[in-house]
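Have a look at the structure below, then the notes.
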Amino acid sequence: MKEYKQLIGEAVHRAVETLTAEEAAELVEIPTDASMGDYAFPCFKLAKALRKAPPAIAGEVAAALGGNPLFARVEAVNAYVNIFLDRCSFLSDLLTQVTEQQGRFGRSEEGAGRKVIVEYSSPNIAKPFHIGHIRSTVIGNAIYRIYDFLGYDTVRINHLGDYGTQFGKMIVAYRKWGKKEDVTREPIKTLLGYYVKFHEEAEKDPALEDEARAVFARLESGAPEETALWEWFREESLKEFNRVYRMLGIEFDSYAGESFYSDKMQGVLDRLEEKGLIRESEGARIVDLEEYGMPPALITKKDGSTLYITRDIAAAIYRKEHYDFYKNLYIVASQQNLHFQQWIKVIELMGNSWAEDCVHIPFGLVSLEEGTMSTRKGRVVYLEEVLNRAVEQTREIILEKNVNTDSVEETARQVGIGAVIFQELANNRIKDYVFSWEKILNFEGETGPYVQYTHARAASILRNAEGWKPSAASLEPQRLSAIMGESAYQLARLIYQLPRIIREAGERYEPSVITRHAVDIAQAFNRFYHEEHILVPDEEEKNAKLALVLAAKTAIQTSLRLLGIEAPEKM
RNA sequence: GCCCCCAUAGUUAAACGGAUAUAACGGAAGUUUCCUAAACUUUUGUUGGUGGUUCGAUUCCGCCUGGGGGUGCCA
């Protein structure tokens, strides 16, 4: 398909040689107000080099672009050149492409031969999978899907929090107060109970903390009793996690968590020693980062056991050797910003130039109205409960509205889960937010159900069109004239932008760019739907409009798919 | 103390350094003999303060205020 920004860039370059075609293309804007054209080229920056007033330059550029048949109209307005596309050839080009490519529209091969690792979700074993975990899980899944769509080779890693002193605590608590049958019956809640009790008791008796550290040290050195208990906790927890992953439609290529690297720790310590990066301080071993403005990185504790920073370093080195990644992405809360800065710096100090390919993608904090979530205090909202309630409420709405669907259960699941995911991906990931039941169960306005509903509407029209198939002949430019109104054209423009939007979402690691665009397309579609009748008697007009409906449906479906949300055909 | 992030209508949020700051929710008023009213139309209302850089700042830089997070033996 034609890349208009590029074409305009080239044309500007021919008119003003001091600017390369690429530089010119970079400057091309899409005006907020459609009455100022489909594209605009601001001339301020040229004023200095050309020693002319911007409006004068705009006039010259406009004159130079004027003869191009792709542009219906080119006007100089003050310092801007406003460019109006020839709508018929634009629509013909777009609709031909989208109806041919369908689900492949927007796909790219730019990532061919490059491997991208996406680490996401990474819950802690033996702790509840709560609403705070949804962010990493859902953002990571979307980033994986976006990179996959852009042609990259992807590896999805669930870096389970299955190691560390917390397991010492858990084991100590289980031995003191635990019952096997309770754990088997309800693993996570029971184990969490032990964990909470441990902290209560440790307040009165600080010796428990030391005991827990000692038990973890035994676990790390491979003691059979501790290892068996740990394996059992891990297994029971994974059963629960997988139930949630299935609901969300999320999968992983690897569950290599922290424990996976336990036997690789010594190698890291040796390499750090070799490089002379380690020194002893207060009984612990550290890498001093003072000259980089950071507190020291604690590599081992005074009892010799490791910390998670050591495991993250080991993991990154292992991944570089094992996968030879192009990018190694970590979808982890912004609370860990310093942690990531520290260990990536350590990797760099070890002489690894690929340190810069390790990217921390932070996101904001989820809190409850009562305050921050606290596993220890048992102040959590379970993700599974959120998903179940969203599905339940959707089911009620479906029955109430008497919705046209083949399976109430299936649709309730698609829409309920989709609503939760959509909301999670609607805003910039860095923003903090306060969880509220009222908000998450609201399905009106800019929400997942709105976009899905629009998709279902488009699907419904195509069903009503019985047997209609897009044909290239009916999309020739001369046959489109006078058929398409303003709302149709504005919808088409948004569909055209989708491939660029997907690339931007990938570059910025920001799925919300796609979420917002999906809403824009849905709004434009609904406007078009209300203003114009689609299944009209005139064959030529009907063909063109149906092609646009199909293109809109395709664009919405692709957007939702990249976000990890299903697009029901009926609802 | 030091470091990082955030601050936009009543609320929740958008906005590659560009033209008149964009939506949704809420409030007010409408649209269903018409392809799905989970829809659409109209209306209401916004850049925390202060300096600077720039032809142009919600956006970049400095300071201030407010909120959140981090800061050596948890992850």
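It should be emphasised that the depicted structure is a prediction, and the values quoted were computed from it without experimental measurement. All values below come from the heavy atoms of this structure, side chains included, with hydrogens, waters and symmetry mates left out.
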Which sits closer to the 5' end of RNA chain B, A/G445 or A/A426, going by the nucleotide each is nearest to?
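The residue closer to the strand's 5' end, by nearest nucleotide, is A/A426.
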
So which one's nearest nucleotide on RNA chain B is more toward 5', A/V519 or A/L27?
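It is A/L27 whose nearest nucleotide is closer to the 5' end.
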
Strictly below 4.0 Å: does [X] bring a side-chain N or O up to OP1 or OP2 of [N]?
X      : N     : value
A/Q166 : B/C74 : no
A/R527 : B/U41 : yes
A/R429 : B/C6  : no
A/K542 : B/C35 : no
A/T32  : B/U22 : no
A/R463 : B/C35 : no
A/T165 : B/C74 : yes
A/K45  : B/G56 : no
A/N464 : B/U36 : yes
A/N428 : B/C5  : no
A/K5   : B/C16 : no
A/K302 : B/C73 : no
A/Y450 : B/C40 : yes
A/R457 : B/A37 : yes

Would you mind classifying the nucleic acid contact of [X] as base, sugar-phosphate or nothing, using non-hydrogen atoms under 4.0 angstrom?
X      : answer
A/A40  : base
A/K169 : nothing
A/Q523 : sugar-phosphate
A/N526 : sugar-phosphate
A/R311 : sugar-phosphate
A/R500 : nothing
A/E532 : base
A/L307 : sugar-phosphate
A/I461 : sugar-phosphate
A/M294 : nothing
A/L535 : base
A/A79  : nothing
A/I398 : base
A/G161 : nothing

Would you indicate which nucleotide in [options] comes nearest to any side-chain atom of [X]?
X      : options             : answer
A/H530 : B/G70, B/A39, B/C4  : B/A39
A/K301 : B/C16, B/C74, B/A13 : B/C74
A/L365 : B/G68, B/A24, B/U36 : B/G68
A/L338 : B/A15, B/U71, B/C74 : B/U71
A/I397 : B/U71, B/A38, B/A14 : B/A38

Please report whether the ring centroid of [Y] lies less than 6.0 Å from that of [X].
X      : Y      : answer
A/W343 : A/Y330 : yes
A/F216 : A/F167 : no
A/Y496 : A/Y4   : yes

Should [N] form a Watson-Crick or G-U wobble pair with both distances under 3.5 Å, which nucleotide is its partner?
N     : value
B/U32 : none
B/G26 : B/U44
B/A7  : B/U65
B/A15 : none
B/G1  : B/U71

Between the base of [N] and the side chain of [X], is there a donor-acceptor distance below 3.5 Å?
X      : N     : value
A/S281 : B/G72 : yes
A/E29  : B/C16 : yes
A/Y308 : B/A75 : yes
A/N82  : B/A19 : yes

Is any side-chain heavy atom of [X] less than 4.5 Å from a side-chain heavy atom of [Y]?
X      : Y      : value
A/M571 : A/H455 : no
A/M36  : A/E75  : no
A/F443 : A/I397 : yes
A/P470 : A/L550 : yes

Mind checking whether A/F528 and A/F525 have parallel, tilted or perpendicular rings, split at 30° and 60°?
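Correct class here is perpendicular.
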
Between the base of B/C35 and the ring of A/H533 - centre-to-centre under 5.5 Å, planes within under 30° - is that a stack?
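Yes; centroid distance and tilt both under limits.
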
Hey, are A/E392 and A/R389 close enough for a salt bridge, meaning a charged N less than 4.0 Å from a carboxylate O?
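Judged by the 4.0 Å cut-off on N to carboxylate O distance, A/E392 and A/R389 do not form a salt bridge.
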
For A/E291 and B/C2, what is the distance between atoms CD and P respectively, to the nearest whole Å?
22 Å

Distance between the P atoms of B/C34 and B/G30, in whole angstroms?
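Comparing P positions in B/C34 and B/G30 gives a spacing of 22 Å.
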
Under 3.5 Å: donor-acceptor pair, side chain of A/T310, backbone of A/T306
no

